[in-house]
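Note sheet for the following structure.
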Amino acid sequence: MSETKTPALQYRFDGPEDAPVLILGPSLGTTWHMWDRQVPELTQQWRVFRFDLPGHGGAPAYPAGSVAELAGRLLVTLDGLGVQRFGYAGCALGGALGIQLALRHPERIASLALIAASPRFGTADEFRQRGVIVRTNGLDPIARTSPDRWFTNGFAAAQPAITEWAVQMVRTTDPGCYIAACEALASFDVRSQLAGVAVPTLVLVGSDDQVTGPAEARTLVAGIPDARLAVVPGASHLVPVEQPAAVTDLLVRHFSTAWQPAYDSTTGQMAIVAAPVKPVLAPAPSQPAPIAEIAPAVVPQPTTGRADPYDAGIKVRREVLGDAHVDRALAQADDFSGDFQELITRYAWGEIWGRPGLDRRARSCVTLTALVAGGHLDELAFHTRAALRNGLTPDEIKEVLLQAAVYCGVPAANSAFKVAQKVIREETTPQE
């Protein structure tokens, strides 16, 4: 593939060539084979298109660090095949991809099914932490614990062959692509955009899913105007594998009855069925009707021609240090320290860390060295954690501290090694 072009995805077709296309999107760590049990029945009505995520299932290892980038690669692949309109069903990360397509390219989606999906998957910290684990230890720790996240205990015990298949599927994934996919999930948050999903949607979830369970599914249903919920009993996160018959039946019924018609080529319009009306709570009768107020005049503020760097700074600060750390710092701010928090967010993170001249790995190296020189061990602890999130390996952090020992002094580096060693152990030890 040319490096100057958007890489296509690895894919396969099943079913009659003249049938409407139905796309099945995989979850993180899986391949298109997670849908094997659905294909025989689905191909009776649709031409089924399955694809692998980058670096999964032997696919070319071109990492994609955002859901939007994955969506772009899928559309490039479909455009090359002449597929313009399709139904889409996706599981977990594949479901996020479906939401992205529905928000940005609704004209291409006839109907949507979101399985084990969420408008936001856990927290950004959780997925960036997982990336640190993989970068340090490889995929084996994640692979060994995948069945615990994907299947109920009873299924895993009764189906050892499928359980081992799941472990091997993760273990053979390209680590760099897995880390990039974790970053894609870390930055995915469409909670405020769900009303923009304007296609018929089935939200399907396993009753025992501990990753993206019924609560997340209900959030999707509450936010998407034309959405219905299906809860599959006795299933966990990888519900198409654990309860294949139930999932197949639900998909057939949904896509058979909720396939939105294509645009009329003669009129350029499309008939859209009105979404079911959802109840709206009226104010209590005892409450007086709101009275409109005239807003005070806004005094125009002089502009410098530059955007305020605060918003960019808080974004970078969260991505580098983690939501939990930033939330604690902001929560502890008061009238005395609040201005300082605003200062460092705006200038340290918005102005300096946000500059394009150095990437974040390089900035972490510089920051660690400066903190060793200044003896700022508390800050060194959370910037060691940030360096791991920014892509530095423990060996690279060691080299930074060895270099600092020469130029900043052995006693300072000795203290720094103790701090960094503790943080690295905490951050890179897999949770069993």
On the 0 to 90° scale, with breaks at 30° and 60°, tag the Phe188-Phe121 ring pair as parallel, tilted or perpendicular. tilted

Determine the interplanar angle of the Trp259 and Phe255 rings, folded into 0 to 90°, and report it as parallel if under 30°, tilted if 30 to 60°, perpendicular if over 60°. perpendicular

Can you find a pair of side-chain heavy atoms, one from [X] and one from [Y], that are under 4.5 Å apart?
X: Pro147; Y: Val167; answer: yes
X: Leu42; Y: Leu24; answer: yes
X: Gln341; Y: Arg317; answer: yes
X: Pro240; Y: Met34; answer: yes
X: Trp35; Y: Cys91; answer: yes
X: Leu321; Y: Trp349; answer: yes
X: Thr201; Y: Asp226; answer: no
X: Thr136; Y: Pro394; answer: yes

[atom1]/[X] to [atom2]/[Y] distance, rounded to the nearest 0.5 angstrom?
X: Thr212; Y: His237; atom1: OG1; atom2: NE2; result: 4.5 Å
X: Glu342; Y: Tyr347; atom1: CD; atom2: OH; result: 8.5 Å
X: Ile99; Y: Leu194; atom1: CD1; atom2: CG; result: 6.5 Å
X: Asp209; Y: Glu242; atom1: CG; atom2: CD; result: 9.5 Å
X: Leu112; Y: Gln260; atom1: CG; atom2: CD; result: 11.0 Å
X: Leu101; Y: Ile109; atom1: CG; atom2: CD1; result: 4.5 Å

If we ignore hydrogens and angles and just use 3.5 Å, is the side chain of [X] paired with the main-chain N or O of [Y] as donor and acceptor?
X: Arg108; Y: Gln84; value: yes
X: Thr428; Y: Ile133; value: no
X: Glu126; Y: Thr123; value: yes
X: Tyr62; Y: Cys177; value: no
X: Ser66; Y: Glu69; value: yes
X: Ser111; Y: Gly87; value: no

Is [X] salt-bridged to [Y], going by a charged N under 4.0 Å from an acidic O?
X: Asp14; Y: Arg47; answer: no
X: Asp36; Y: Arg50; answer: yes
X: Glu183; Y: Arg128; answer: yes

Identify every side-chain donor-acceptor pair in residues 216-224 under 3.5 Å, counting partners at least two apart or on other chains, and give the distances.
residue	atom	partner	partner atom	Å
Glu216	OE1	Gly213	N	2.9
Thr219	OG1	Ala215	O	3.1

Salt bridge (Lys or Arg N to Asp or Glu O under 4.0 Å) contacts in which one or both residues fall within residues 319-330, not counting sequence neighbours: Arg120-Asp323, Lys315-Glu319, Arg318-Asp323, Arg318-Asp327, Glu319-Arg360

According to salt bridge (Lys or Arg N to Asp or Glu O under 4.0 Å), does anything in residues 384-393 pair up with another residue at least two apart or in another chain? List the pairs. Asp125-Arg389, Arg385-Glu426, Arg385-Glu427

For [X], does the [atom1] atom sit with more than 12 other heavy atoms under 6.0 Å from it, leaving out its own atoms?
X: Phe417; atom1: CZ; answer: yes
X: Asp359; atom1: CG; answer: yes
X: Tyr407; atom1: OH; answer: no
X: Asp140; atom1: CG; answer: yes

Quick one: salt bridge (charged side-chain N to carboxylate O under 4.0 Å, His left out) partners of Glu396, sequence neighbours excluded? Arg361

Working note: Cys182 + Val134, criterion side chain to side chain contact (heavy atoms under 4.5 Å, CB included); need CA distance, chi angles, decisive distance, verdict. CA-CA 10 Å; Cys182 287; Val134 174; 5.8 Å; no

Run the numbers on Phe49 and Phe86 for ring-ring contact (aromatic ring centres under 6.0 Å, His included), then give the verdict. CA-CA 9 Å; Phe49 176 97; Phe86 47 84; 8.5 Å; no

Tell me the closest heavy-atom pair linking [X] and [Y], and the distance in Å.
X: Val48; Y: Val39; result: CG1-CG2, 4.5 Å
X: Ile352; Y: Arg363; result: O-CZ, 3.3 Å
X: Val419; Y: Leu377; result: CG1-O, 3.8 Å
X: Val21; Y: Arg85; result: CB-O, 4.3 Å
X: Ala420; Y: Leu401; result: CB-CD1, 3.8 Å
X: Ala64; Y: Ala184; result: O-CB, 4.3 Å

Take Ile142 and Leu139, measure what side chain to side chain contact (heavy atoms under 4.5 Å, CB included) needs, and give me the verdict at the end. CA-CA 5 Å; Ile142 301 295; Leu139 273 165; 4.3 Å; yes

Apply side chain to side chain contact (heavy atoms under 4.5 Å, CB included) to residues Leu81 and Phe13 and explain how you reach the verdict. CA-CA 11 Å; Leu81 297 167; Phe13 274 117; 3.8 Å; yes

Please table the atom pairs, donor to acceptor, closer than 3.5 Å between any side-chain atom in residues 51-60 and protein atoms at least two apart or in another chain.
residue	atom	partner	partner atom	Å
Asp52	OD1	Trp32	N	2.8
Asp52	OD2	Gln10	NE2	2.8
His56	ND1	Pro54	O	2.9
His56	NE2	Gly29	N	3.1

Partners passing side chain to side chain contact (heavy atoms under 4.5 Å, CB included) against Ser207 (at least two apart in sequence or in another chain): Val231, Pro233

My understanding is that only one of Asp148, Val241, Thr152, Val211 makes a side-chain contact (heavy atoms from CB on, under 4.5 Å) with Ser236; could you say which? Thr152

For the pair Val205 and Val232, evaluate side chain to side chain contact (heavy atoms under 4.5 Å, CB included) and give the outcome as yes or no after the intermediate values. CA-CA 6 Å; Val205 65; Val232 178; over 6 Å; no

[Y] versus [X], side-chain donor and acceptor atoms under 3.5 Å:
X: Glu164; Y: Gln168; value: yes
X: Arg73; Y: Thr6; value: no
X: Gln243; Y: Arg37; value: no
X: Asp334; Y: Ser337; value: yes

